[in-house]
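Note sheet for the following structure.
Naming: A, B, ... by sequence-line order, numbering from 1 per chain.
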Protein chains: 4
Amino acid sequence: MPKETFFILDDEKQEKVMRAAINEFSAHGFEKANIGLIAKNAAVAKGSIYQYFENKKELFLFSVKWSTDYLMKKYDIYSSYKNATTDVFDYLYSSSKDAWLQMREERELVIFIQDVFLGKYKNLTDESVSVMLKYANEYIIGLIRDGKKKGHIRQDIDDRMLSLFVTGASTKIKEYLMIKAREAGDDIVDGDFEVYDKDIKAMIELLKNGMGAK
Amino acid sequence: MPKETFFILDDEKQEKVMRAAINEFSAHGFEKANIGLIAKNAAVAKGSIYQYFENKKELFLFSVKWSTDYLMKKYDIYSSYKNATTDVFDYLYSSSKDAWLQMREERELVIFIQDVFLGKYKNLTDESVSVMLKYANEYIIGLIRDGKKKGHIRQDIDDRMLSLFVTGASTKIKEYLMIKAREAGDDIVDGDFEVYDKDIKAMIELLKNGMGAK
Amino acid sequence: MPKETFFILDDEKQEKVMRAAINEFSAHGFEKANIGLIAKNAAVAKGSIYQYFENKKELFLFSVKWSTDYLMKKYDIYSSYKNATTDVFDYLYSSSKDAWLQMREERELVIFIQDVFLGKYKNLTDESVSVMLKYANEYIIGLIRDGKKKGHIRQDIDDRMLSLFVTGASTKIKEYLMIKAREAGDDIVDGDFEVYDKDIKAMIELLKNGMGAK
Amino acid sequence: MPKETFFILDDEKQEKVMRAAINEFSAHGFEKANIGLIAKNAAVAKGSIYQYFENKKELFLFSVKWSTDYLMKKYDIYSSYKNATTDVFDYLYSSSKDAWLQMREERELVIFIQDVFLGKYKNLTDESVSVMLKYANEYIIGLIRDGKKKGHIRQDIDDRMLSLFVTGASTKIKEYLMIKAREAGDDIVDGDFEVYDKDIKAMIELLKNGMGAK
DNA sequence: GATGAATGAGCCTTCATTCAT
DNA sequence: TATGAATGAAGGCTCATTCAT
């Protein structure tokens, strides 16, 4: 965690520092990321970085936390999931939409987090990432159990396999959206999501057919 | 590509060099990988590495190619697929089995390639990886089209979505096997695959239900 | 010399600052001594240190002066010598006793000053130390001349050599006491001096024999 | 100890490196000593220093050893003492002469070693120095015991006190010679020792009187 | 061609000092 | 005057690459 001094900064400055860091880590990876450049891009003295963070590693780790928290807060992910999704298929649909939105507005952060999850910084994040993945997974498993209870989901296949099935498809559909968004570059607009809507629904249809109760 | 001098080495030496490199890159990532250590572990002079490769990057890139080629050749992947697999589901089954086998015998290489594909070395491999993914994908698409023609696969969803659906599930099931194999460590034995056989079949069942023609 | 601001502080605060400084210099040497830590241990802001002292060097130099003055005042060294010691041998005896006492009560300061004199901070203190040594030496020379006049000390050897002879033995006997005291740690008690009393007297006997008039 | 690579260098280069290091440590102390400057003055790349030594500390520690060994070898100290000195007073005389000679020809090294022994680098050398001092002291004690046995030295004072007495005087007379030599600067000549010869003899006379048997 | 010592650019980190509050 | 955050120079160390043998 950053030192007290970091939190004394006004929010704008904090954000500037974090975005400079994330930007640099994304561009050059952890080892090659240059603290001097981060400082310069945040319009802060190099030494100041060390008043905020113990060292490069702490800065990196907090970059991960900050991005996640930032997106969480911005898209109010917790509440939206907690309230809106009643079954796995809804979840898949709305989280796809979220991914799209985030990608549109916070490409930098989203790509950074994606990279973290995909293992680009493996040696640094192994533990914390696996913790987060576990949480995400448990959420899905919960939805699946609920679905089985309610009779929407077939009983003959065990939860673990079903969750792999869902997350596999889910990952892919998000990847697909991400790629589309990356390709579109800065020109993505709100409406673009509609274009892919039928694709997402097709994927969900496949899942429903695959795992739905007859 | 390596310089002429590398190919003059006898095969055993070549392999020793490549395995030392892969080992080091796997352990410490590209930036922190130490050419001196690679040389030492390959029982070769540090300078010799530069007689074989232009620089560290070339050594890395060739490590990727070498591992892929090595596994391809060892497991005769092309031919086995070309001949044996007649539909997507067979493909999924046999490639899962392959993955398992490779993991058992060549853990080091497999993990390295996995990491490459999962983006650990993103900045370096982006292009070459996307090329390889494209090939793999085209192969799947081919199988899907074939399945549609033969009437095994539903016609109402487009090829791209179907391929995402298959590769999503496929990726997950392989991940699942990999994790099991990593956990088992050096103690994996041939028979262990049987334990997971029904899981794989369950996953394929899900896929079939999802995308199979009614 | 410190700035005016330092002397405005109440004595207790002044002492706290100086002891913190001495403590830090003793522990880490001049270069590695950390102004931030000194401030923290003195319960004063880092910036305040710079309100009291021009820079680190001045703080150090004043630490030397302060310790010396402090011990001088506390043990009233000047007057006690001026009054009580009538010859070199008395001086040696009483200054040994002083050294012992000081070591018992102000280990920290005494060790610091010792280190200064022994050259640990040579580059910084060369001049001031040599000034102090010169004073001490002149005092001894005075005693020697007095002794010669009164007929206690042999005439055939020049003052300079005699003073080297005395201070050599004196230094050693004090070193000896210091080491004993350091070894005893916090447990030195008043009485302990008696244990070494006969050693000191033996040393003085040697000196007397060596330089005493026949 | 240095790495193998250091000993591969020809003797001239080794000496150049060591003298550059000693020079720098003497001038600026351990912390402020600048590896870059040492390298430059030794006409060697900065990185090369790290091929020879693990780090700055090892370089320093070897500087101490190297200087000591160098002087030992050059002045054949071991054998000259072992053979020539038959009693403490001879020892004192010849070691004074040695000190003078060394000071004349190797001012730099001698001052460096002096500083080491006097505690300028206390934190670094404490242990190794105390070992060396112990050896030196045991040698003196041996001479004293021998003198007592042969009847040259009084029996009524214990060995430890006598050794303090001798080393005190010895230290001072050497200091005296050193100071003279430092003052004379580069202009010391062989003959200069004669000037101080009678001083040394006076000091020895004092010692003899002090501790000699009646 | 093989070797491994030499090279020096590059970067994280420390911390004395300054400065705005 | 007190504070403590901001600053940036400085330096130890690493290591990819070069080069002399």
> To the nearest angstrom, how far is C/K3 atom NZ from E/dT17 atom C1'?
Replying inline: 11 Å
> With a 4.0 Å cut-off, would you call D/E12 and D/K16 a salt bridge?
Replying inline: no
> Do the two ring centres, one from A/F112 and one from A/Y121, sit under 6.0 Å apart?
Replying inline: yes
>> Closest approach to the side chain of D/A45, judged atom by atom: which nucleotide of F/dA2, E/dT7, F/dA5 is it?
In response: E/dT7
> Is it true that A/E106 and A/R19 have a side-chain N and a carboxylate O under 4.0 angstrom from each other?
Replying inline: yes
> Rounded to whole angstroms, how far apart are CZ on D/F60 and P on F/dG12?
Replying inline: 14 Å
>> As a test of reading the structure: which of E/dG1, E/dA2, E/dA6 is closest to the side chain of D/L9, going by heavy atoms?
In response: E/dA6
>> Among F/dA16, E/dT3, E/dA5, which nucleotide has an atom closest to any side-chain atom of D/I8?
In response: E/dA5
> Any Lys/Arg nitrogen of B/K65 or B/D69 sitting under 4.0 Å from an Asp/Glu carboxylate oxygen of the other?
Replying inline: yes
>> Whether the side chain of A/K46 and the base of E/dT13 hold a donor-acceptor pair under 3.5 Å is what I'd like checked.
In response: yes
> Considering only side-chain heavy atoms of D/V44, which listed nucleotide, E/dA6, E/dG1, E/dT7, is closest?
Replying inline: E/dT7
>> Students often mix this up, so state it plainly: with edges at 30° and 60°, are the rings of A/F60 and A/F25 parallel, tilted or perpendicular?
In response: perpendicular
> Do C/S130 side-chain atoms and C/E127 backbone N/O form a donor-acceptor pair below 3.5 Å?
Replying inline: yes
> What integer distance in Å separates C/Q51:CD from E/dT18:C1'?
Replying inline: 11 Å
>> I want to confirm an ordering. Mapping A/E54 and B/S48 to their closest nucleotides on DNA chain E, which one lands closer to the 5' end?
In response: B/S48
>> For F/dA10, give the paired nucleotide (Watson-Crick: N1-N3 plus N6-O4 or O6-N4; G-U: N1-O2 and O6-N3; both under 3.5 Å), or none.
In response: E/dT13
>> From the set E/dT3, E/dT13, F/dT3, return the single nucleotide nearest to any side-chain atom of A/N55.
In response: E/dT13
> Between C/Y52 and F/dT1, is there a side-chain N or O to OP1/OP2 distance below 4.0 Å?
Replying inline: no
> Contacts to DNA chain E from residues 14-40 of chain A, heavy-atom cutoff under 4.0 Å, which residues?
Replying inline: A/A33, A/N34, A/I35
> If pairing requires Watson-Crick or G-U wobble contacts with both distances under 3.5 Å, which nucleotide is the partner of F/dA20?
Replying inline: E/dT3
> Aromatic ring centroids of A/F6 and A/F62 under 6.0 Å?
Replying inline: yes
>> What is the separation between atom CG on C/L59 and atom P on E/dT17, rounded to the nearest whole Å?
In response: 10 Å
> Counting any heavy atom closer than 4.0 Å, what does A/T5 reach on the DNA or RNA strands: base, sugar-phosphate only, or nothing?
Replying inline: sugar-phosphate
> Less than 4.0 Å between a side-chain N and a carboxylate O, is that true for D/K40 and D/E24?
Replying inline: no
> In whole Å, what is the span from the NZ atom of C/K13 to the C1' atom of F/dA2?
Replying inline: 11 Å
>> Is C/Y50 close enough to E/dC19 that one of its side-chain N or O atoms is under 4.0 Å from OP1 or OP2 there?
In response: no
> If you find the nucleotide of DNA chain F closest to C/A43 and the one closest to A/I49, which residue's nucleotide is nearer the 5' end?
Replying inline: C/A43
> Closest nucleotide of DNA chain E for C/K56 versus for A/K56: which of these residues is on the 5' side?
Replying inline: A/K56
